[in-house]
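Right, one structure below, let's go through it.
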Amino acid sequence: MVQNLSQKLHCLQVKSSPPTRFLEEKFISLLRSCRTSHHLLHLHSQLTTHGLIHNAYVTPTLITTCSLLNKMPHARKLFDKMPQPNTATWNAMFRGYLHLECHLQVVVLFGEMNRAGAVPNCFTLPMVVKCCGKVNAVREGEEVHCVVVKMGFMSNPFVGTSLIDMYSSRGSVGDAYKVFGEMHQRNVVAWTAVIRAYISCGDMVSARRFFDLAPARDVVLWNTVVSGYIESGDMVAARKLFDKMPGRDAMSWNTMLNGYASNGDIELFEKMFEEMPERNVFSWNGLIGGYARNGLFSQVLESFKWMLVEGGDVLPNDATLVTVLSACSRLGALDMGKWVHLYAESIGYKGNLFVGNALIDMYAKCGVIGNALDVFNSIDRKDVFTWNTIINGMAMHGHAADALSLFDRMKNAVVKPDEVTFVGVLSACVHMGLVKDGFSFFQSMFDNYSIVPQIQHYGCMVDLLGRAGLLDQAVNFVRKMPMKPDAVIWAALLGACRIYKNVEIAELALQRLIELEPKNPANFVMLSNIYKDLGRWQDVARLKIAMRDTGFRKLPGCSVIEVDDSVVEFYSLDERHPETENIFRALRGLTVILRSYGYVPNLVDVAQGTVMGEVLQTTTLTRYPTYTRQSCRDCGSKIRKCHICRKKISNSFKLFHG
DNA sequence: CTAGGGTTAG
């Protein structure tokens, strides 16, 4: 009874005349735990009724909460109504914009701060300096530098370091060093910043000198210099320093892992992963992504499965899923891709834009454009990647009309088309033979979107003219190109010459192709096929000798197929599989059945060596596939099996089990 | 209310 009464009294006291400080603290803690915009609006109105909406202590926290909930416009409205915001409130605005990466807003707002006569402090300046660097605001950056000096903030390590970073990001190492020299106290972060400045301009010698001079070195500084050596391509120096490190953290190991991967040293790459004392999600992504970067897509899937089994607490994240899905696309591993789709949703990546875009691409490349569309439609906030992927996917599937209508929809959405969009649009025109429309799209790239056409777009145009049979126009177009035509351009022309049996232009194209890539036997095969079509057997023989003299043999095209849980690669008449006999027996059986239904095989292309892989090689050229084949370590040849030194480069024929 | 280092898509 007594306790109850005192509680009531206490409540009354608080309600009638609460000490302001108490209320302020209460609201600050409520705002910090606020997680929804609904709750935020509620608190906002409460603050208004308590007359605390322009409070010096509460308002900064309110603004911070707005920014965390993606409500900066709301914060801005409130902020603009304040008669005289204090520095902490200004800072909350800067931090909010910085958090959302609205760097330009920060620079603009700082101008307003000066005009309003408000005074920045040591928290304001690093944020503003950083943003000047981000948006490349050179003049503003120098003005802020002057403010720093005038207000005596050069002694503040945060301010000084931010200035070093700014000058470093615009490539002015000299200015970065000058700031470093003028700093009153230099901690290890400042040393790291100046060393980073030398690394980013490629001066590893100076970077190393400063590293050796530094009074203290922590693990971040060590890692910075190791990755500097990697960036400069010096894996040996990176390794030497790595071995000398007094304490390595997970990032040290991952840095080396990625270094070996980007230098194509698969052996050391794998060894590095095996030796790692601890593996976080970045380590696994390093392994998976390293295989992907080196074109070893089966190993991508294999190591992903290994991660699921052996990763322990480490779960894949969006980066993992995207890499694995793109490997599925490259391999045509649809079953695996579908599984990854379900798995991604089960671990909470249903709404992830990165994953969604990768799924669209995977379904499109695996031939199920319907599923690609389903994923596309399920994404509500589509970005330029989403649109480009579906447009290119549609074009690739021959749904050119759909690709073009999607392009129309894209224009109505707020997403601005880019150069990749136009590759899809133009290749849709190629498929439909829309020469006129193609040219008008090509023209509108620059006129309406200020996109300067790249060589890919010129390639599409050559393809467009060539496939429409307008070979002379195509040659003229190539001659008038503003850049030097590359092999893809000439190959497109050569391909068109085969369709229309134009020997004269074919010979011209081949001549250019031989100059550009003397090692690629596919070019000879193409011309040889044209001669064959025309029955010019003497020329075929002559070309065969010329081809032999180059010393290179054409790589047989290969196919990949998903079997159970694995991806298997095979060539025409391949006999490497342990069950070759059974496979061929089954095939013979199938042929008998097919023939009994009246099927007559077309052996002409097979006889000419135009197996699937070659068709792919010639028809996908204009799409500039990013497919990279492993290069031979000894002779640099970009082939799967080096025909010069006869070494097998990647273990591409490999079954794996889940 | 403060800084420096890693991965992913067309």
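The chains referred to below are lettered A, B, ... by the order of the sequence lines, with proteins before strands, and numbering in each begins at 1. Owing to the predicted nature of the structure, the values given are computational and were not obtained by experimental measurement.
- Taking the ring centre of Tyr57(A) as origin, the terminal cationic atom of Arg21(A) falls inside the region bounded by 6.0 Å and 45° from the ring axis.
- Residue Ser162(A) is out of contact with every strand shown, counting any heavy-atom pair closer than 4.0 Å.
- As a whole-Å value, the separation of Ile195(A) CD1 from dA3(B) C1' is 16 Å.
- Contacts of Asn352(A) with the nucleic acid, taken as non-hydrogen atoms under 4.0 Å apart, are absent.
- You'll find the ring centres of His341(A) and Tyr363(A) inside the 6.0 Å limit.
- With hydrogens and angles ignored, no donor-acceptor pair closer than 3.5 Å exists between the side chain of Asp318(A) and the base of dA9(B).
- Taking every side-chain heavy atom of Asn357(A) into account, dA9(B) is the closest of dT7(B), dA9(B), dC1(B).
- Between the CG atom of Leu125(A) and the C1' atom of dA3(B) there is a distance of 13 Å, rounded to whole Å.
- As rounded to whole Å, 16 Å separates atom P of dA3(B) from atom CD of Gln185(A).
- A cation-pi arrangement is absent between Lys416(A) and Tyr449(A), since the terminal nitrogen or guanidinium carbon is not both under 6.0 Å from the aromatic centre and inside a 45° cone about the axis.
- Residue Lys130(A) places at least one side-chain N or O under 4.0 Å from the OP1 or OP2 atom of dG4(B).
- Among the atoms of the strands shown, none is found under 4.0 Å from any heavy atom of Asn86(A).
- Donor-acceptor pairing under 3.5 Å, judged by distance alone, is present between the side chain of Asp218(A) and the base of dG4(B).
- Listed candidates were dA9(B), dC1(B), dT2(B). Nearest to the side chain of Phe354(A) is dA9(B).
- Using a 4.0 Å heavy-atom cutoff across all strands shown, Thr192(A) reaches at least one base atom of the nucleic acid.
- Each of dA9(B), dC1(B), dA3(B) was ranked by its minimum atom distance to the side chain of Phe385(A); first place goes to dA9(B).
- Stacking annotation: Phe123(A) is not stacked on the base of dT2(B) (requires ring centroids less than 5.5 angstrom apart and an interplanar angle below 30 degrees).
- In this structure, the nucleotide among dA3(B), dC1(B), dT7(B) sitting nearest to the side chain of Asn285(A) is dT7(B).
- Side chain to side chain, Thr320(A) and Asn317(A) meet the donor-acceptor criterion of an N or O pair below 3.5 Å.
- For Tyr167(A) and dA3(B), the OH to P distance is 22 Å, given to the nearest whole Å.
- Rounded to a whole Å, the CG atom of Asn156(A) is 15 Å from the C1' atom of dG4(B).
- With rounding to whole Å, Ile391(A) atom CD1 is found 15 Å from dA9(B) atom C1'.
- Ranking dT2(B), dG4(B), dC1(B) by closeness to the Pro126(A) side chain, first place goes to dT2(B).
- No contact: Val281(A) has no heavy atom under 4.0 Å from any strand.
- As rounded to whole Å, 12 Å separates atom P of dA3(B) from atom CG of Asp165(A).
- Between Tyr229(A) and Arg208(A), the side chains place a donor N or O and an acceptor N or O closer than 3.5 Å (distance only, hydrogens not considered).
- Contact check on Glu101(A) versus Lys130(A) returns no salt bridge, with no Lys/Arg side-chain nitrogen under 4.0 Å from an Asp/Glu carboxylate oxygen.
- Distance, Met307(A) CE to dT7(B) P: 16 Å, rounded to whole Å.
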